[in-house]
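Pasting a structure here, questions to come.
Letters A, B, ... mirror the listed sequences (proteins, then strands); counts begin at 1.
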2 protein chains.
Amino acid sequence: MVLSIKSGNIASVKMTFNKPNKTTNIKKIRFMKAEKILNISVDCVVFGYDVNTKSLNVLLINRFLESKGEVLVDDYVLTGYHVYTHETLDETATRVLKELTGLTNQYKKQFKAFGNPDRLTNEKDLLWIKNEEFNTRTITIAYYFLLKTEDVSLNNGNDKATWFPVNDLPILGFDHNTIIQEAYEDLKEKCLSEPIIFKLLPDKFTINDVQDLYESILGIEIDNRNFRRKLINKKYIIALDEKQVGVSKRPAQLYMFSLDIYNKMFQKNYLISI
Amino acid sequence: MVLSIKSGNIASVKMTFNKPNKTTNIKKIRFMKAEKILNISVDCVVFGYDVNTKSLNVLLINRFLESKGEVLVDDYVLTGYHVYTHETLDETATRVLKELTGLTNQYKKQFKAFGNPDRLTNEKDLLWIKNEEFNTRTITIAYYFLLKTEDVSLNNGNDKATWFPVNDLPILGFDHNTIIQEAYEDLKEKCLSEPIIFKLLPDKFTINDVQDLYESILGIEIDNRNFRRKLINKKYIIALDEKQVGVSKRPAQLYMFSLDIYNKMFQKNYLISI
DNA sequence: ATAATAAACGTAAATATGACGTTAATAATT
DNA sequence: AATTATTAACGTCATATTTACGTTTATTAT
């Protein structure tokens, strides 16, 4: 959306941002008695994996602010919004994702709160905040989502959302580079011990797809023969009666992941590995 | 401390709580220009291990509120306080621990934010909040600390702090049972892959001390012979020229943990165990 | 038919784990 | 001074897992 606003110290302002537009928002507030908590927000690191380009991406939105023909701010930030008084933190995160992508029921994890007093105090952030209704001393609860890049259509028009490879991010507004970095660290760790890798892959995948994804996330090389054996032996990795189509070499066997079987088989092992 | 306060709907109130008393606090605010953020707090789960009784404990403080001779609230809660505008979340946690125990430089971890709209809405909580300066819609950033029970002297007089075994907690105020439960789950997980166990033990310990602690935390039995072999083979578990003293059976070898050696040896292994 | 390519399978050594039996050292007791 | 009780500490073997490679097979393109 593009808005013309008069507010703060800046006389005439054009700005774009990922949030419900003012009119809709006011209606919503009157109807649901929703009130934003002005110093508490949720920011979402949306990880999307592109199985074709083998790229782990983060969804960012353009933060654009112009006054009297001068571009004041033009960079990228995470998607996020204030917590409403009536909702849980999880609900805020779910709402934010839905408003940006239309998606619900994606894997989501609250991984850390960021609350340094100086987290919103660089020059561009201050310019931006002047035109927003929020507090400089805002604490944000950060979540990350895991989904498939292909599930998100970026043709919604209004939101200037763009995928960036997680290893090739621009300098972001606020403390959002830090937030992504910490989300990524958490993802690296968690994908080793929980089957969340499959949240990033299509329902039908090849063993090599899984390996490529692990290599993308972890930045390492894995021996294909050992990896293949390991995965195939898992009861919850199920070979389908299907093979790849449209490939110009020997087509690979397709598999699926069964969360049901995983959960039934799962038993905490207390292996101490320090 | 014991305070007599007139505020809210309750005419004459006696209350005790773990926080800087009003006078000190106001002075501090004037001097440092400290201002509490009224809807953001930090709560601390202080885990303390008692190597003698082999008990993993949580430090709780008594929440007591009396009006006209009637006891309105008399239960336990975690220690916590509002975040000041000038401080980071980590600093808040450090401050809260120091005010309760006098301790600094203890292992600390931010593990989750709790922000359900109904988290402070049971009867006792509402009574309590009436006499406090904070918002019913408060979000708390929860930390846990790992230390030795013996390092905390509870004879400070004012604070009614008490150790409770983590597996035998009373019903707590606010959502503090939930918070402790989640801290405990995080601790269970983390102690398997990081050498944080040693934060709970004295500098000099026996192999059996470590095993007992693991068994306390995880609630499992471990084969002593296999566990011993495993630990002794670690380069960073260093045998000292000392043995236990004052035991009435064969005294055990004392060991120490070298974080230096651990860090030098440490290299991330990307073992995929899903 | 043949070549090129990637998928898929195989093998052996090294390492780690789990289950259990045995020995050694010390303090208390006689 | 010898004996006993008790806990610390060491040892062994079978099995499972990991690592490091070599080999075969199926498919498409030529």
- Task: Test for a donor-acceptor pair under 3.5 Å between the base of dA8(C) and the side chain of R225(A), counting only N and O atoms.
- Result: no
- To the nearest Å, give me how far apart CD1 (I274(B)) and C1' (dT18(D)) are. 16 Å
- Message: Which label fits F111(B) and Y144(B): parallel for a plane angle under 30°, tilted from 30 to 60°, or perpendicular past 60°?
- Response: tilted
- Task: May I have the distance from Q244(B) (atom CD) to dA8(D) (atom P), rounded to whole angstrom?
- Result: 7 Å
- Message: Using the side-chain heavy atoms of S248(A), tell me which of these nucleotides is nearest: dA28(C), dA9(D), dT28(D).
- Response: dT28(D)
- Task: Taking the six-membered ring for Trp and the single ring otherwise, decide whether the centroids of F198(B) and F205(B) are under 6.0 Å apart.
- Result: yes
- side-chain N/O K243(B) vs dT26(C) OP1/OP2, d < 4.0 Å: yes
- Return the value, rounded to whole Å, for the distance between atom OH of Y270(A) and atom C1' of dT17(C). 18 Å
- What nucleic acid atoms does I207(A) come within less than 4.0 Å of, heavy atoms only: base, sugar-phosphate, or nothing? nothing
- Message: What contact category does N208(A) fall into here, base, sugar-phosphate, or nothing, at under 4.0 angstrom with non-hydrogen atoms?
- Response: sugar-phosphate
- Message: If you assign I272(A) and A252(A) each to the DNA chain C nucleotide with the nearest heavy atom, which residue ends up on the more 5' nucleotide?
- Response: A252(A)
- Rounded to whole angstroms, how far apart are CG on L271(A) and C1' on dA16(D)? 12 Å
- With no angle test and no hydrogens, is the base of dA6(C) tied to the side chain of R250(A) by a donor-acceptor pair under 3.5 Å? no
- Query: K230(B) side chain N/O closer than 4.0 Å to the phosphate oxygens (OP1, OP2) of dT17(C)?
  - Reply: yes
- Message: Rounding to an integer number of Å, can you tell me how far Q253(B) CD sits from dA9(D) P?
- Response: 6 Å
- Side chain of N226(B), base of dA19(C): donor and acceptor closer than 3.5 Å? yes
- Message: Please report the distance, rounded to the nearest Å, between CG in N224(B) and P in dT7(D).
- Response: 12 Å
- Message: Regarding D90(A) and T88(A), do their side chains bring together a donor and an acceptor under 3.5 Å, going by distance alone?
- Response: no
- Message: Tell me whether the side-chain N or O atoms of R229(A) pair up with the base of dT19(D) as donor and acceptor below 3.5 Å, since no angle test is needed here.
- Response: yes
- Query: Within this structure, what is the CG-to-P distance between D223(B) and dG18(C), rounded to whole angstrom?
  - Reply: 10 Å
- Item | Among dC10(D), dT27(D), dT17(C), the one nearest I232(B) by side-chain distance | dC10(D)
- Side chains of S258(B) and D260(B): donor-acceptor distance under 3.5 Å anywhere? no
- Look at R228(A) and dA8(C) and indicate whether a side-chain polar atom (N or O) is within less than 4.0 Å of OP1 or OP2. yes
- Nearest-Å distance, CG (N233(B)) to C1' (dA16(C))? 11 Å
- Given the side-chain rings of F257(A) and Y236(A), with only the six-membered ring counted for Trp, is the space between their centroids under 6.0 Å? yes
